[in-house]
Amino acid sequence: MTTRQSKRHALRIVGIAFLWLAALSTTALAQEAGGNASAHSGAKSFLGLTASIGAPGRLWEGPTDYAFSLRPSGKIRAVMLFAKFTDATKDEKTEDLYARLAPEGTAFFERVSYGKMTLQIDPVHRWIAMDHPSTWPNYNCSRFDSQKNYLAEVIGKAAGSVDFKQYDIVYVVGAQGPGVPNSPTFGAPVGEGIQVNGTEIRHAVTFGNDMRLDRWGWQTLAHETGHIFGLPDLYSFDDSRPYKSIHKYVGFWDLMGFQAVGCEYLAWQKRKLEWLSDRDFFVIAGGKAEVSLASIYAKSGRRAAVVPISATEAYVVEVRSRDGKPESELGVLLYKVSLKGETGHGPIRILPASPDTSGPLLERKFITLYNALYREGLALNDETAHVRIEILGHTDKSFRLRITR
């Protein structure tokens with residue numbers, strides 16, 4: 001979930017206490033997607049790049065450690081609780097808040113996962129009275145310990161009527177109040193979560209005031225749930241103004257960046273989420289090849305091409321529409337992935353076809369990078385890395401590329 005603040009705090013996933021550097025090794029030469037595991041201990045090829053997963057909880061663009069994160073496969077069950085602080089500033093109906101978050105959020109995951117994951121959210125439509133105001137320091141959701149304390153109070157008060165053993169995720173929607181401006185994700189290692197009636201809650205989101213803003217709502221739920229599934233933030237933690245600078249890396253092209261018209265998950269992210277597999281990618285680390293790419297919305301076919309340029313970086317191309325509709329005009333989206341880039345510091349960066357153009361409608365809808373798509377000719381000529389990507393032609397459903405490495 002992005003914000004209009006000068007900077008999104010680096011404790012976005014407040015349950016993760018550490019970030020680790022990966023041990024990196026060299027990549028193989030030209031290969032179909034995936035390839036063989038590296039001979040280096042603990043290293044594995046991930047779309048032509050190699051890195052060890054490292055310690056649990058790392059948010060990066062290498063393979064997700066699902067011993068820590070929740071694997072987004074099959075039916076994921078969540079319960080939604082509603083917490084009312086003693087300083088609540090507005091009288092709201094829980095049904096209205098659920099309707100703002102859940103129906104479109106669950107439909108989003110059904111669509112973008114190609115039906116490989118369904119999110120079921122069971123609401124408990126009553127306000128749970130909290131013992132303190134929202135500004136109480138032990139409810140501060142920017143810190144692991146105090147967010148855990150807030151969640152534990154809500155969960156404890158609901159435990160008599162909710163069987164938490166049935167659920168993978170707990171969503172807590174806080175009443176509008178001065179102490180809950182944002183909606184951070186909670187993640188805890190095994191043994192450090194919230195214990196209730198013989199089960200452990202390790203994955204949760206505490207929704208704040210921001211989910212009530214225009215453009216937010218179900219997108220907030222989808223973004224924060226993406227963190228539960230192991231995805232890093234793709235907007236900038238380093239920029240404050242203008243607002244578009246915060247979204248200079250991926251703009252609206254991925255929901256882990258800006259939440260706008262047409263937001264999706266990039267093909268690379270969908271591989272991390274295991275909704276796409278190695279066979280859905282074409283990886284070329286040497287030579288010349290021609291490849292036909294279906295759009296990211298198609299349920300079969302190659303959805304992206306990957307060109308590794310080192311053990312830690314690669315160019316990726318996929319086919320998208322700007323408004324997220326499969327029937328709209330398609331184009332080629334080009335971006336660079338780095339395993340060295342951490343959450344909030346540009347692990348993925350879109351390389352746009354043209355600079356932004358002025359216009360209040362585009363500015364309001366997309367903020368930035370709305371001219372990113374390539375539709376013909378040369379998309380990339382990186383003489384330093386010896387990578388050339390050309391668009392040879394297209395239909396209304398696919399693009400054909402020539403890639404030289």
Among residues at least two apart in sequence or on other chains, which ones pass salt bridge (charged side-chain N to carboxylate O under 4.0 Å, His left out) with Glu153?
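Salt bridge (charged side-chain N to carboxylate O under 4.0 Å, His left out) check on Glu153 returns Lys157.
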Report yes or no: is the cationic atom of Arg100 (NZ for Lys, CZ for Arg) under 6.0 Å from the centre of the six-membered ring of Phe207, at an angle within 45° of the ring normal?
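No; the conditions do not both hold, so Arg100 does not lie above the ring face of Phe207.
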Contact check, side chains of [X] and [Y], non-hydrogen atoms, under 4.5 Å:
X      : Y      : answer
Leu101 : Tyr171 : no
Leu151 : Ile201 : no
Leu231 : Tyr265 : yes
Ser113 : Leu273 : no
Thr357 : Tyr370 : yes
Leu234 : Gln269 : yes

Once the angle between the rings of [X] and [Y] is folded into 0 to 90°, is it parallel (under 30°), tilted (30 to 60°) or perpendicular (over 60°)?
X      : Y      : answer
Phe85  : Tyr150 : tilted
Phe237 : His345 : perpendicular
Tyr167 : Phe164 : perpendicular
His125 : Phe82  : parallel

Any donor-acceptor pair under 3.5 Å from [X] side chain to [Y] backbone:
X      : Y      : answer
Asp233 : Gly344 : no
Asn140 : Pro137 : no
Lys272 : Gly62  : yes

Is the gap between the ring centers of Phe229 and Tyr66 under 6.0 Å?
no
Is the distance between the ring centroids of Trp218 and Phe109 under 6.0 Å?
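No, ring centres 6.0 Å or more apart.
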Can you tell me if Thr206 and Gln147 form a side-chain donor-acceptor pair at under 3.5 Å?
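The answer is yes; a qualifying pair exists.
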Give me the one residue out of Leu119, Val205, Thr106 that meets side-chain contact (heavy atoms from CB on, under 4.5 Å) with Leu221.
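Answer after filtering Leu119, Val205, Thr106: Leu119.
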Are any of the side-chain nitrogens in Lys270 or Glu264 under 4.0 Å away from the carboxylate oxygens of its partner?
yes
With sequence neighbours left out, write down each residue that passes side-chain hydrogen bond (donor to acceptor under 3.5 Å, both in side chains) with Asp168, or none if nothing qualifies.
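By the side-chain hydrogen bond (donor to acceptor under 3.5 Å, both in side chains) rule, Asp168 matches no residue at all.
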